[in-house]
Amino acid sequence: MEAVKAREVVEVETDRLTFIAAPDQMGTPDGWVHARDSEGTVLAWTAARKLCRERLTVTPGYEFGYLLGANCSDGTVGKNYVSLVVNDEGFAARFAAYLTAATGLPARLEAVTRPSGYLKRDVPGFRVRVVSSYLADLMRQYVGGDVHHMRQRFPRVVLRDRETFEGFLDGYTDGDGFRPKTCAARLLVSSNVAFLSELAQVVGARFTPRSRGLASHLVVADSWPSRGSFKPERHHLQLVESAWECARYGCAGPEARSRSRCTATASTPTRAFL
């Protein structure tokens, strides 16, 4: 970061914070915008603490796809961690190995107990937990910002290539799915209708949601590639660390110290960068 001298400063207030900026420190895709004219624009900002954390280099491929599939089905994303708690030791071991292969972060299995609503008692299980706010933010980015399993979006980043997508299907199947004995296919289960609907379009499958809040099923036949519905896409693998904030005030000179003299104006938001 480079410090600059300025004869004039501008106070800018957003929904989250207020800061002082030199008059020419903000720009839009169409050119520079004076900070005092930033009212009604959308500013990109990054929390200072997040700039000091370790960045990860994400490696695409089967392991990366499996990591996302398993996380979308049975994983938990916290503020600064990603975890998986399951009964199947093999599933947990694969999740740990593939997480390390895709991100470089060390991950290990640990034996735990967890309550079973069906058996009404604690049952043995296995947990993989990796503390990394960067990885947690990445997982949120991949599924549209909300990691709740009922609201998460289908992570289109796995459409990078067939290998990555096959990994996603296997990871999700190990968590919330199974292979029927009567046909060569994967049967995926979820109550998130939008998630399964988008996935169905990718594999060219028919999908009919179940009513009355019941979990829906999507059958993905092993022959799905022959339908020609898969189209590779390019999406950000690395974390986009900036967030959007609406500028409510942009005042220069004496007005920068008197917020009451700065009235917010409504206008069509345009992107601006700090």
Side-chain angles (χ1 to χ4, degrees), residues 55-77 82-109 126-130 132 134-144 147 149 152-180 183-190 192 195-196 198-205 218-239:
R55 268 71 174 166
L56 303 178
T57 300
V58 178
T59 303
Y62 180 89
E63 294 83 0
F64 171 67
Y66 189 97
L67 169 64
L68 278 179
N71 185 74
C72 285
S73 60
D74 263 353
T76 300
V77 179
V82 173
S83 72
L84 180 81
V85 183
V86 293
N87 296 335
D88 186 346
E89 182 178 5
F91 179 23
R94 287 190 295 275
F95 181 82
Y98 294 159
L99 189 154
T100 299
T103 67
L105 291 171
R108 62 183 179 86
L109 249 65
F126 300 89
R127 180 175 70 176
V128 179
R129 188 174 188 269
V130 174
S132 170
Y134 191 93
L135 179 59
D137 285 348
L138 262 181
M139 291 299 177
R140 275 186 280 271
Q141 174 178 300
Y142 292 151
V143 297
V147 291
H149 289 177
Q152 67 184 352
R153 298 176 59 184
F154 170 69
R156 301 194 71 86
V157 69
V158 301
L159 302 182
R160 183 180 184 88
D161 51 52
R162 276 275 310 280
E163 181 185 9
T164 301
F165 184 62
E166 289 285 358
F168 172 82
L169 291 177
D170 285 345
Y172 195 95
T173 303
D174 282 352
D176 278 340
F178 61 94
R179 280 191 168 274
C183 60
R186 304 175 178 93
L187 195 151
L188 311 183
V189 183
S190 177
N192 188 333
F195 183 94
L196 288 186
E198 194 168 353
L199 178 54
Q201 294 176 12
V202 175
V203 298
L218 173 65
V219 177
V220 181
D222 289 350
S223 60
W224 72 265
S226 64
R227 298 170 184 165
S229 57
F230 181 83
K231 305 296 181 185
E233 296 179 3
R234 284 291 182 266
H235 298 275
H236 286 292
L237 280 177
Q238 302 306 125
L239 181 63

ask   = Checking side chain to side chain contact (heavy atoms under 4.5 Å, CB included) for the pair Y142/V58: CA distance, chi angles, key distance, verdict?
value = CA-CA 12 Å; Y142 292 151; V58 178; 4.0 Å; yes
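- Taking all atoms of both residues into account, the shortest heavy-atom contact from F95 to V82 is CZ-CG1, 4.3 Å.
- Atom-to-atom distance recorded for N71:CG and L84:CG is 8.0 Å, nearest 0.5 angstrom.
- Under the 4.5 Å side-chain criterion, counting only non-hydrogen atoms from C-beta, L188 is not in contact with D176.
- Heavy-atom minimum distance, F195 versus P155: CE1-CD, 3.8 Å.
- No close placement of the F154 and Y172 rings is indicated, their centers lying 6.0 Å or farther apart.
- A distance of 4.5 Å separates CZ in R234 from CZ in R160, rounded to the nearest 0.5 Å.
- Minimum interatomic distance between F64 and T164 (heavy atoms only, all atoms of both residues): CD2-CG2, 3.8 Å.
- Remark: R186 CZ to E166 CD distance equals 5.0 Å, nearest 0.5 Å.
- Here A205 pairs with V203, L218, R227 under the side-chain contact (heavy atoms from CB on, under 4.5 Å) rule; sequence neighbours left out.
- Closest non-hydrogen pair, V85 versus R127, comes out as CG2-CG, 3.6 Å.
- In plain terms, the two heavy atoms of A96 and A107 that are nearest each other are O-CB, 3.8 Å.
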message = Quick one, F230 with L159, criterion side chain to side chain contact (heavy atoms under 4.5 Å, CB included). Give me CA distance, side-chain angles, the key distance, then yes/no.
response = CA-CA 8 Å; F230 181 83; L159 302 182; 3.7 Å; yes
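- At distances below 3.5 Å, at least one donor-acceptor pair connects side-chain atoms of T100 with backbone N or O atoms of L105.
- Atom CZ of R140 sits about 13.0 Å away from atom CD of Q152, to the nearest 0.5 Å.
- Separation of atoms CZ (F168) and CZ (R156) is listed at 11.0 Å; rounding is to 0.5 Å.
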query = What's the verdict on side chain to side chain contact (heavy atoms under 4.5 Å, CB included) for L169 and L199, showing C-alpha distance, side-chain angles and the deciding distance?
reply = CA-CA 10 Å; L169 291 177; L199 178 54; 4.3 Å; yes
task = Evaluate the criterion side chain to side chain contact (heavy atoms under 4.5 Å, CB included) for residue pair L99 and L135; output intermediate values, then yes/no.
result = CA-CA 10 Å; L99 189 154; L135 179 59; 4.3 Å; yes
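- More than 12 heavy-atom neighbours from other residues, nucleotides or ligands sit within 6.0 angstrom of CD on Q238.
- None of V202, L67, L68 except one satisfies the side-chain contact (heavy atoms from CB on, under 4.5 Å) rule with V158; the exception is L68.
- R153 contributes atom CZ, which lies 12.0 Å from atom SG of C72 (distance to the nearest 0.5 angstrom).
- Other residues, nucleotides and ligands contribute more than 12 heavy atoms inside 6.0 Å of the NE2 atom of H235.
- Scanning all heavy atoms of the two residues, the minimum distance from E63 to A101 falls at CG-CB, 3.8 Å.
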